[in-house]
Amino acid sequence: MAKSKNDDIPGTITEDDLRNKFQAVQDQLQGKVEDQKSTIAATVAGVGVVLAIVFFLLGKRAGRKKSTIVEIRRV
């Protein structure tokens, strides 16, 4: 590959520099996620159960609130 003008300037950021830095950040982030994976899964499951209970109770209340009473009279 031909040498460009940027190769002579100290402090120039190359594509390889960026690629290496992004790879390092990604590896570090994935390491943290792997460590916390079970905690995250348990938290998400707990929140899902709580939401299901809340929606059930709200639906039950709304059904009771809007129930119709039909009165039949003989004439």
Side-chain angles (χ1 to χ4, degrees):
M1 192 160 127
K3 208 172 193 185
S4 67
K5 291 188 284 184
N6 291 339
D7 291 341
D8 297 333
I9 303 172
T12 301
I13 299 172
T14 64
E15 184 179 339
D16 290 333
D17 294 337
L18 291 173
R19 185 176 293 123
N20 292 336
K21 188 64 172 179
F22 286 140
Q23 185 65 39
V25 169
Q26 184 178 8
D27 290 343
Q28 184 180 21
L29 184 62
Q30 283 184 350
K32 288 181 182 179
V33 170
E34 288 295 326
D35 293 342
Q36 298 293 327
K37 191 177 271 190
S38 62
T39 305
I40 292 169
T43 303
V44 168
V47 169
V49 168
V50 169
L51 284 176
I53 292 170
V54 168
F55 289 146
F56 173 77
L57 293 175
L58 288 176
K60 192 174 180 180
R61 178 176 170 234
R64 193 172 359 131
K65 192 174 173 182
K66 294 180 182 179
S67 63
T68 304
I69 299 174
V70 177
E71 185 177 322
I72 300 173
R73 293 186 175 188
R74 280 191 188 192
V75 180

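Because the structure is a prediction, the values reported are computed rather than measured.
- Connection of Ile13 to Phe22 is established within a shared hydrophobic cluster, with ILVMFWY side chains joined at heavy-atom distances below 4.5 Å, either directly or through further cluster members.
- Summarising the local packing, CG of Leu29 is surrounded by more than 12 heavy atoms from other residues, nucleotides or ligands at distances under 6.0 Å.
- Of the possible donor and acceptor atoms, none in the side chain of Asn20 sits under 3.5 Å from a partner among the backbone N and O of Asp17.
- For the atom pair NZ (Lys37) and CD1 (Ile40), the distance works out to 9.0 Å, reported to the nearest 0.5 Å.
- The heavy-atom pair separating Thr39 from Thr43 by the smallest distance is O-OG1, 2.8 Å.
- Residue pairs meeting the side-chain hydrogen bond (donor to acceptor under 3.5 Å, both in side chains) criterion with at least one partner in residues 24-33, sequence neighbours excluded, are Gln23-Asp27.
- Considering only residues two or more places apart in sequence or on other chains, Arg73 meets the side-chain hydrogen bond (donor to acceptor under 3.5 Å, both in side chains) condition with Glu71.
- For the side-chain contact (heavy atoms from CB on, under 4.5 Å) test with Ile53, the passing option among Leu51, Val49, Val50 is Val49; the others fail.
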